[in-house]
2 protein chains.
Amino acid sequence: METLRVELGSRSYPILIGQGLLRERSLFEQHLRARDLLVVSNTVVAPLYLDVLEASLQPRRVVAAILPDGESHKTLATVGRVLDVLVANRFGRDCAVVALGGGVVGDMAGFAAATFQRGVAFAQVPTTLLAQVDSSVGGKTGVNHPGGKNLIGAFHQPVVVVADTRTLATLPPRELRAGLAEVIKYGLICDADFFAWLEARMDALLAADPAALAHVIRRSCEIKAEIVGRDEREHGDRALLNLGHTFGHAVESATGYTEWLHGEAIGAGLVMAACMSRESGYLTSEELERVTRLVARAGLPTHVSNVKPDIALQHMRIDKKVQAGKIRLVLPRGIGSAFVTADYAEPALSRTLEAHLG
Amino acid sequence: METLRVELGSRSYPILIGQGLLRERSLFEQHLRARDLLVVSNTVVAPLYLDVLEASLQPRRVVAAILPDGESHKTLATVGRVLDVLVANRFGRDCAVVALGGGVVGDMAGFAAATFQRGVAFAQVPTTLLAQVDSSVGGKTGVNHPGGKNLIGAFHQPVVVVADTRTLATLPPRELRAGLAEVIKYGLICDADFFAWLEARMDALLAADPAALAHVIRRSCEIKAEIVGRDEREHGDRALLNLGHTFGHAVESATGYTEWLHGEAIGAGLVMAACMSRESGYLTSEELERVTRLVARAGLPTHVSNVKPDIALQHMRIDKKVQAGKIRLVLPRGIGSAFVTADYAEPALSRTLEAHLG
């Protein structure tokens, strides 16, 4: 088992990464003190891992809330159902909520924990690559609004993240590929060596090679923990983690969260961000080509045909990073560096959207 | 104008108290920087003060969300409507939400501000005595759940509280009396002199004497600001501010939030807490009599006939202060002091409920 740490003063917490951690009762005893636990999962993950997790949480009182699967259910109404379960079981302020699943489950369980009794303890047990490398770390919780992705939410840090890499063995290939989008993002924003490593080892990752996946999870969590520790509330560098997300969220919103997985939309979003950088002189054509090729090799879309450019632009205008009406974009500057800017030519944005959408 | 301060490090903020502050544009310019503002109010307060406030917020972009009046509307669904307005108007992370009204409006506007885009700026413009002496200060926001009062919410501090005491001139007498319940609470938990002052000046307060009200608002805010500054998240002394609230919330929940104003329920709750203290030896019969008499003189109920004791007990069991299944109570110890305890005799609780309910 490897242990990383997110350093946030009194809210610091460990990220535990290893094979078979779901079965290690002592870990949960050590890191999760509450006697009343609500496990939030979904209809796909619960049949696979809920029994195992519940056994590791015994002899405490464990109640489960099983949600429908998919980003289209990540709504205030679904979180309301989780809160109903907490109230119906008379859980107190000293309970804890445990998220067992991917990013959607983690976001909603975390938001329920953030708002139940104005905040109760929360643990992340991510079972997808995307959740293990990204969404389970950093305390962003929330739900979508019909008007835009993640527009409603809270910062609420977990007390522990338990990433059992063995759960990736049951992950559908499409979900594995979706997780690789966030991994490529980390290389692109701050680690050129890691980006090159991904180029060299993409075949092993697609074959779900355990050693390759373990390396990817560790390095991704290291990068994320370091950035979150520096800038928890996204006043500065944390915004770099949104590379590709303004584009990607627009793709998700415009298709009602039903057509594309989050990671797939982010794959296309990375390519669009790189295209904007090339248009603006921050990437060479060769670097753009490396980004596009790596996204394509990960089995992710580099072009999204079912979203019209003007519709995407409308959705981009309600992104959380809009300031004074101007869409701010995270753009790569070379491979391994990125920055936030609102200083770009509108025609470049139009060309980028038209080249990759519709 | 008087200025108090809630000291919370980088989240410190001023409480401005005075006659006619709603009209002072310079105050809002100084303390509220956002260019896009959502004013949340209700159908009773908006016709009286929305125009005045909007004029003071010009020339910025001001949108209003007018909610139905009353605690029974303090739900997740109503907050969802406020969030819809924010999204529909494409407000960004740099907007601010302004609560214009009483405690219900403030709680919901604050919760919307806490969760929109994971937190935007928030200002309180309280127009009731209860909101000016209590709910607008301290950052507790949230909504009720059918299973219990304020079970869903967040801590989200305002950037400024603007208490225009002139708004109390239009306050219905019933609302004025409800506010006095929280005022009596402050005297009872930590200021015997203030309690005695209230005994001496109750007639002036009921006649809405401006000088008497100004004193009450200032002293109440001083006490609350001091306690919140010491214990923002209610790990310790802040719980004392809940004196009477475990009983009072049960009365409100049991009657569907439609029969009693919050302050009326708290009035009865103060008497029940004092009764428990007398039963447990923490108050003399004379002190209990002083509490009961002051609550009655404020025109507040000391007995609630439309709630059955066993139903109230069920509601008390889902209070936020329950720990390990035991209801913790805030009890006065003499006049001017209080403490939190789960160490009391169950029959004393039953006798207290039976004496004051049903």
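Below, read A as the first sequence line, B as the second, and so on, with proteins coming before strands; counting in each chain starts at 1.
Side-chain contact between Leu76(A) and Val79(B) is absent, with no heavy-atom pair separated by less than 4.5 Å.
Neither the backbone nor the side chain of Asp36(B) comes within contact range of chain A; no heavy atom of the residue lies under 4.5 Å from a heavy atom of that chain. At a 4.5 Å heavy-atom cutoff, the contact between Arg35(B) and chain A is made by side-chain atoms alone. With a threshold of 4.5 angstrom between heavy atoms, Phe91(B) does not approach chain A through any atom at all.
Between Glu234(B) and Arg118(A) there is no salt bridge, since none of the side-chain N atoms of the basic residue sits less than 4.0 Å from a carboxylate O of the acidic one.
Contact count against chain B (heavy-atom pairs under 4.5 Å) is highest for His145(A) among Arg233(A), His145(A), Arg317(A).
Taking CG of Leu151(A) as the reference point, atom CZ of Phe116(B) lies at 6.0 Å (rounded to 0.5 Å).
At most 12 heavy atoms of other shown residues, nucleotides or ligands fall within 6.0 angstrom of atom CZ in Arg33(B).
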